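See structure below.
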Amino acid sequence: MTVRPVRHRSLVEEAVAELRRLIGTGEWPVGSRLPGEVELSRLLGVGRTTSREAVRVLIADGQLRARHGSGTYVAATSPVSDLDRELRRSAVFDVYEVRAALEVEAGRLAARRRTPEDVTALREALATRDAATDLAALVEADLDLHRRVVLAARNPVLIRLFDSFVDALRAAAAHLLADTDLHDGKEQHAIDHAHHALVEAIAAGDPDTAVKATRSNLDRTLDRLRVGGVGPR
């Protein structure tokens, strides 16, 4: 049997670990800009070469994104998997097709397994979504509501799948809503009605109505994408 000796971590590994901690704890949230190289080296207590290498590791892992002439920004709270990378390259229509399949089942299971605490959380998330007044707030509130539906389904695999989709869903939702007139009363009423129907169906323990409400919402989205020439007809 061959046993390898334990070695101390290099300064680069220590710097990488600290950067991951700062990002993971929300000290540097997604979208925030990292300090410049000199300042970052000072904060980490390492040389510029070490801090530069640590940043490169996180860029390679998808946690950081360098923007030419602008700086380095936090792109994800954890290293990006191969699946995440593939999802980010996927077409909007493809992402929504899979989302529809996942969320239909999540809605059905949530209606059967929800707890009183889940219902309270869903209604709070729905109220936040209703109160959103701009595109960015609406995208985040919508994703939060749908994630709470998945959480109420009490299936850890569904939760992990949904979480792996979040960045792709956020980009797809922003793309879609950017082409939607948020002041179109008729369209907004239909979308809002589907979300309210979903939450109430889950609260009532009615899986059939939860499935119907989910399909109504996401099928409408897929139809809009087809009309816009994004997906197959």
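The shown structure was predicted, so the numbers you read here are calculated from the model rather than taken from an experiment.
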Salt bridge (charged side-chain N to carboxylate O under 4.0 Å, His left out) between Lys212 and Asp208, intermediate numbers included: CA-CA 6 Å; Lys212 182 179 178 181; Asp208 291 339; over 6 Å; no
CA sep, side-chain torsions, deciding dist, call: Trp28, Leu34, side chain to side chain contact (heavy atoms under 4.5 Å, CB included): CA-CA 8 Å; Trp28 291 342; Leu34 262 63; 4.0 Å; yes
Evaluation steps, side chain to side chain contact (heavy atoms under 4.5 Å, CB included), between Val150 and Asp163: CA-CA 10 Å; Val150 178; Asp163 285 346; over 6 Å; no
Check against side chain to side chain contact (heavy atoms under 4.5 Å, CB included), Glu124 and Arg148: CA-CA 10 Å; Glu124 289 176 352; Arg148 289 180 185 275; 5.8 Å; no
Audit row: Ile159, Arg154, side chain to side chain contact (heavy atoms under 4.5 Å, CB included) steps and yes/no: CA-CA 8 Å; Ile159 293 168; Arg154 293 289 185 278; over 6 Å; no
Stepwise salt bridge (charged side-chain N to carboxylate O under 4.0 Å, His left out) test for Asp192 and Arg129: CA-CA 9 Å; Asp192 292 344; Arg129 187 187 183 284; 3.0 Å; yes
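In the displayed structure, Arg33 atom CZ is contacted under 6.0 Å by more than 12 heavy atoms of other residues, nucleotides or ligands.
Between Leu44 and Ala15 the shortest heavy-atom distance is CD1-CB, 4.2 Å. Nearest approach of Ala194 to Ser216, heavy atoms of both residues: CB-OG, 4.3 Å. Residues Ala111 and Ala210 share a closest heavy-atom pair of CB-CB, 4.2 Å.
Put simply, the side chain of Arg20 reaches to within 4.5 Å of the side chain of Leu58, judged on heavy atoms. At a threshold of 4.5 Å between non-hydrogen side-chain atoms, the residues Glu140 and Thr128 do not count as touching.
In this structure, the separation between CZ on Arg113 and OG1 on Thr115 is 13.0 Å, given to the nearest 0.5 Å. With rounding to the nearest 0.5 Å, the separation of CG in Leu161 from CZ in Arg99 is 14.0 Å. Atom CG in Leu64 sits 13.0 Å away from atom CZ in Arg56 (nearest 0.5 Å). Atoms CD and CG, on Glu200 and Asp206 in that order, are 11.0 Å from each other to the nearest 0.5 Å. Rounded to the nearest 0.5 angstrom, Ser51 OG and Leu43 CG are separated by 10.0 Å. For the atom pair CG of Leu151 and CZ of Arg114, the computed distance is 15.5 Å after rounding to the nearest 0.5 Å.
Using modelled atom types, one finds no donor on one side chain facing an acceptor on the other under 3.5 Å when comparing Asn217 with Thr214. Neither side chain, Thr25 nor Glu27, offers a donor N or O lying under 3.5 Å from an acceptor on the other. Between the side chains of His196 and Asp130, at least one donor-acceptor pair of N or O atoms lies under 3.5 Å.
Judged by the 6.0 Å and 45° rule, Arg147 forms no cation-pi pair with Phe162.
Glu13 contributes a side-chain N or O that, together with a main-chain N or O of Ser10, makes up a donor-acceptor pair within less than 3.5 Å.
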